[in-house]
Structures are given as structure tokens and as C-alpha cells.
Asks: 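Dropping the structure in here first, questions after.
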Amino acid sequence: KMTLSEGEAFTTSCNVTLLLGAIVATISLLGVKQPMGRYAIGSSFVVPAKVAWFVMEAPTLFAVPLALFWGSSEHLNSFVNMLLLSLFVIHYIHRVFIFPLYINSAKPMPAYTAVLAFIWSAFNAYLQGRYFSFLGPIYSISHLTSWQFVVGIIIFFFGMAVNIHSDRTLTKLRKPGETGYKIPQGGFFRYISAANLWGEIVEFFGFTLATNFALPAVAFWCFASSSTIPKAIHHHQWYLEKFGSTYPKDRKAFIPFLY
């Protein structure tokens with residue numbers, strides 16, 4: 001078990017690595033389509049989509065409890081610390097237990113993609129859990145009335161609602177037995193091509209703001225954005241190439257009304 005100073009040094013190094021990795025990932029992924037869904041490439045070992053999503057997101061549900069096991073009593077007894085950490089966990093409870101249930105016809109995923117995502121999820125979940133249960137500050141109850149927490153909570157649940165609604169819209173595009181792609185309509189798809197991805201990044205920003213920009217939360221948001229934003233841009237380009245003049249001309253890639 002690490003001492004407090006050793007743990008702080010280790011997790012700070014990990015978070016800085018994530019921040020630097022986010023810069024590299026953003027630059028590299030702008031030119032490379034991630035091998036998932038419509039961009040999946042041939043692989044000798046693929047995993048059914050439902051299983052892959054479960055594997056990719058499930059580490060949070062054991063990494064956070066592991067971090068809590070080594071937490072300090074002061075942190076664990078802090079209502080605000082545990083509330084902030086629960087926001088992070090809520091997102092992944094949905095991704096693990098609910099989201100895979102309504103994936104109807106998603107393509108199998110290369111196993112290496114699922115494995116890499118598993119590693120990232122476990123690493124990130126441990127950093128968040130370790131920070132709020134041992135290494136970070138003990139948030140006072142007054143934090144619940146701070147503008148950062150209040151606005152952050154509103155943004156978090158707004159982003160979550162957009163993400164869930166957009167995911168449901170996408171999964172309902174195909175009827176049983178249908179193949180091929182259709183143009184999603186309604187909700188935030190009126191404004192952007194990747195409404196589900198935008199909602200998730202907005203949600204993560206809300207979490208980051210609610211923590212008053214805790215370093216692990218900032219690193220999480222930046223690294224998630226580094227893969228999500230290039231993916232959104234690729235989705236928009238793909239829709240334009242696939243549907244041509246029939247695709248809504250006013251619909252942007254990722255930022256409503258702007259880009």
C-alpha cells in the first residue's frame with residue numbers, strides 16, 4: 001500500500017500522462033478511423049457487440065470498489081466526495097447494464113479494441129476512485145451550494161439525457177432483420193451528426209465542473225474528448241459521403257450551429 005505522498009506522486013504522473021496522451025491521440029486519430037462499427041476492419045477474432053460493450057465498460061464496477069477498499073475513513077465518510085464519485089459510476093452503470101440491452105444489429109467488434117478499452121476503463125476508474133477516496137481533498141458540505149457544483153450537475157444530467165436519447169434514436173433506426181444505414185432524425189440530431197457523442201462529452205464536462213476541475217476529472221474529460229471528437233468528425237464526413245445531397249445541409253459535425 002502506497003503512502004499518501006507516494007500515491008499523490010503516482011496518480012499525478014498518471015493524470016499528466018493522460019493529458020499529454022490526449023494531445024497525441026487527438027492529432028493521430030483525426031487521420032485514422034477507429035475500428036468500431038461502420039469502420040471495423042477485418043480481424044481474425046471479433047466479439048459480439050453486446051459482449052464487447054460490457055467488457056469495455058465493466059472495469060469501473062470493480063476498479064472503483066477496489067479504490068474504496070483502500071480509502072481513508074475521512075474521505076469515505078464525506079457525503080460530497082462519495083456523491084461526486086457516484087456521478088462517475090452512474091454513467092458506467094448505464095453503459096454496462098442498460099446500453100448493451102438495446103443494441104440490436106451492431107457489428108461485431110475486433111477483440112483488441114475491446115481489450116484496449118477495458119484497460120483504459122480500469123485505469124481511469126481507479127484514478128477517479130483513488131482521488132475521491134484517499135488522495136484528493138475532502139469536500140465540505142458547502143461545496144453543494146457552489147456554482148461549480150450546481151451548474152456542473154445540471155450540465156451532467158443534461159448531457160446524459162442527450163446521450164441516452166441519441167443512443168436510443170440510433171438503435172431504433174433499423175427494424176429487425178434490416179441492414180444498411182439511415183439518417184438519424186430528432187433530438188440533437190437536428191443540429192449535429194454525432195449527438196450521442198456530443199452528449200457524452202457534455203456529460204463528462206459537467207462531472208469535471210462539479211468536482212471544481214479536479215485533476216483526474218480534467219484528465220478523464222480531455223482523454224475521452226481526444227477520441228470522441230475525431231470520431232464525431234469522421235461520422236459527419238461519412239454521412240456526407242454516404243447520403244450526399246439528401247443529408248441535412250445545416251447539420252454540423254460536433255458543435256451545434258458552429259462546427
Asks: Assess, by modelled atom type and distance only, whether the side chains of E200 and N196 contain a donor and an acceptor separated by less than 3.5 Å.
Replies: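 The answer is no; no qualifying pair exists.
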
Asks: How about I98 and I93: do any of their side-chain heavy atoms sit closer than 4.5 Å?
Replies: no

Asks: Under 6.0 Å between the ring centres of F99 and W53?
Replies: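 Between W53 and F99, which both carry aromatic rings, the centre distance is below 6.0 Å.
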
Asks: For K50 and Y102, which heavy atoms make the closest approach, and how far apart are they?
Replies: NZ-N, 4.4 Å

Asks: Out of curiosity, I229 CD1 to L197 CG, how far, rounded to the nearest 0.5 Å?
Replies: 10.0 Å

Asks: Indicate the atoms forming the closest heavy-atom contact of A214 with T211, along with that distance.
Replies: N-OG1, 3.1 Å

Asks: Any side-chain to backbone donor/acceptor pair from T208 onto A217? Under 3.5 Å, distance only.
Replies: yes

Asks: Which class fits the ring pair Y239 and H235: parallel under 30°, tilted 30 to 60°, perpendicular over 60°?
Replies: perpendicular

Asks: Measure across I183 and P248 and return the closest heavy-atom pair with its distance rounded to 0.1 Å.
Replies: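 Scanning both residues completely, I find the closest heavy atoms to be CG2-CD, 4.2 Å.
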
Asks: Without hydrogens or angle criteria, can the side chains of S193 and Y247 be said to hold a donor-acceptor pair below 3.5 Å?
Replies: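 There is such a pair between these side chains.
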
Asks: Would you say the side chain of M160 lies within less than 4.5 Å of the side chain of I90, judging by non-hydrogen atoms?
Replies: yes

Asks: What closest approach, in Å, do A122 and A63 show between heavy atoms, and which atom pair accounts for it?
Replies: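 The pair with the smallest heavy-atom distance is O-CB, 3.7 Å.
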
Asks: Measure the shortest side-chain to side-chain distance between F88 and V64 over non-hydrogen atoms and say whether it is less than 4.5 angstrom.
Replies: yes

Asks: Please check this pair: side chain of R130 against backbone of W70, looking for a donor-acceptor N/O pair closer than 3.5 Å.
Replies: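 Yes, R130 side chain to W70 backbone: donor-acceptor pair under 3.5 Å.
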
Asks: Should V151 and V202 be counted in the same cluster of Ile, Leu, Val, Met, Phe, Trp and Tyr side chains packed under 4.5 Å apart?
Replies: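 In one cluster: yes.
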
Asks: For F243, I'd like to know if atom CZ has over 12 heavy atoms of other residues, nucleotides or ligands within 6.0 Å.
Replies: yes

Asks: Going by the rule salt bridge (charged side-chain N to carboxylate O under 4.0 Å, His left out), which residues pair with K172 if we only count those two or more places apart in sequence or in a different chain?
Replies: none

Asks: Show which residues join I154 in its hydrophobic cluster (side-chain heavy-atom contacts under 4.5 Å, direct or indirect), or state none.
Replies: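 Its cluster mates, by chain and number, are V150.
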
Asks: Checking the side chain of N163 only, and the main-chain atoms of G159 only, is there a donor and an acceptor separated by less than 3.5 Å?
Replies: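 Absent.
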
Asks: Can you list, by chain and residue number, the hydrophobic cluster partners of L101 when the side-chain cut-off is 4.5 Å?
Replies: none

Asks: Does the plane of the ring in F134 sit parallel, tilted or perpendicular to the ring in H75? Use 30° and 60° as the thresholds.
Replies: tilted

Asks: Got a second to check how far H94's NE2 is from I164's CD1, nearest 0.5 Å?
Replies: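 The distance works out to 4.0 Å.
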
Asks: Check whether I119 and Y112 end up in the same hydrophobic cluster, where Ile, Leu, Val, Met, Phe, Trp and Tyr are linked by side-chain heavy atoms less than 4.5 Å apart.
Replies: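 No, because I119 and Y112 fall into different hydrophobic clusters, even though each may have its own neighbours under 4.5 Å.
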
Asks: Indicate yes or no for a side-chain donor-acceptor contact from T228 to the backbone of S225 under 3.5 Å, with no hydrogens or angles considered.
Replies: no

Asks: Could you check whether any side-chain heavy atom of F223 comes within less than 4.5 Å of a side-chain heavy atom of W120, counting everything from C-beta outward?
Replies: yes

Asks: Under the 3.5 angstrom rule, does the side chain of N81 hit a backbone N or O of P137 as a donor-acceptor pair?
Replies: yes

Asks: Measuring from E74:CD to I138:CD1, what's the distance to the nearest 0.5 Å?
Replies: 5.5 Å

Asks: Measuring from T60:OG1 to Y126:OH, what's the distance to the nearest 0.5 Å?
Replies: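 These two atoms lie 14.5 Å from each other.
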
Asks: Applying the 4.5 Å side-chain criterion to the ILVMFWY set and letting contacts propagate, would L84 and F213 be lumped into a single cluster?
Replies: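 Yes; tracing contacts between hydrophobic side chains, which count when under 4.5 Å, links both residues.
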
Asks: Check whether any side-chain heavy atom of V47 lies under 4.5 Å from a side-chain heavy atom of F54, and answer yes or no.
Replies: no

Asks: Under 3.5 Å, is there a donor-acceptor pair between the side chain of T145 and the main chain of S142?
Replies: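 Yes, because the side chain of T145 sits within donor-acceptor range (under 3.5 Å) of the backbone of S142.
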
Asks: Give a yes or no on whether I153 and L144 share a hydrophobic cluster (residues Ile, Leu, Val, Met, Phe, Trp, Tyr; joining criterion: side-chain heavy atoms under 4.5 Å apart).
Replies: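 Shared cluster, yes.
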
Asks: May I have the step-by-step check of side-chain contact (heavy atoms from CB on, under 4.5 Å) for E203 and L87, ending in yes or no?
Replies: CA-CA 10 Å; E203 179 187 351; L87 295 178; over 6 Å; no

Asks: Are any non-hydrogen side-chain atoms of M109 and V46 less than 4.5 angstrom apart?
Replies: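 No, every pair of side-chain atoms sits at 4.5 Å or beyond.
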
Asks: Please report whether the ring centroid of F257 lies less than 6.0 Å from that of Y191.
Replies: yes

Asks: Check whether NZ of the Lys or CZ of the Arg R190 lies under 6.0 Å from the centre of the six-membered ring of F188 and within 45 degrees of that ring's axis.
Replies: no

Asks: Which heavy atom of A232 sits nearest to which heavy atom of F254, and what is that distance?
Replies: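 Of all heavy-atom pairs spanning A232 and F254, the closest is CB-CD1, 3.3 Å.
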
Asks: When you group the ILVMFWY residues by side-chain heavy-atom contacts below 4.5 Å and let the links chain together, are F62 and L85 in the same group?
Replies: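 L85 and F62: separate clusters.
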
Asks: In terms of the angle between their ring planes, are Y92 and F220 parallel, tilted or perpendicular, with boundaries placed at 30° and 60°?
Replies: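 Rings of Y92 and F220: tilted, 30 to 60°.
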
Asks: Is a donor on one side and an acceptor on the other found under 3.5 Å between the side chain of K252 and the backbone of L258?
Replies: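 Side chain of K252 to backbone of L258, a donor-acceptor pair under 3.5 Å: no, none is there.
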
Asks: Report yes or no: does H165 contribute a side-chain atom to a donor-acceptor pair with the main-chain N or O of A161 at less than 3.5 Å?
Replies: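 Checking the backbone N and O of A161 against the side chain of H165, no donor-acceptor pair under 3.5 Å is found.
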
Asks: Could you check whether any side-chain heavy atom of H91 comes within less than 4.5 Å of a side-chain heavy atom of V96, counting everything from C-beta outward?
Replies: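 When only atoms from C-beta onward are counted, V96 and H91 do not touch, as no gap falls below 4.5 Å.
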
Asks: For Q128 and P216, indicate whether the former's side chain and the latter's backbone hold a donor-acceptor pair under 3.5 Å.
Replies: yes

Asks: Count the heavy atoms belonging to other residues, nucleotides or ligands that lie under 6.0 Å from NZ of K242, then report whether that count exceeds 12.
Replies: no

Asks: Do F132 and Y139 come within less than 4.5 Å of each other through their side chains, counting heavy atoms only?
Replies: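 Touching, per the 4.5 Å side-chain cut-off.
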
Asks: Looking only at non-hydrogen atoms, find the nearest pair between H236 and R251 and report the distance.
Replies: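 Closest heavy-atom pair between H236 and R251: CE1-O, 3.1 Å.
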
Asks: Give a yes or no on whether the ring-centroid distance for W221 and F205 is below 6.0 angstrom.
Replies: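 When the ring centroids of W221 and F205 are compared, they turn out to be within the sub-6.0 Å range.
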
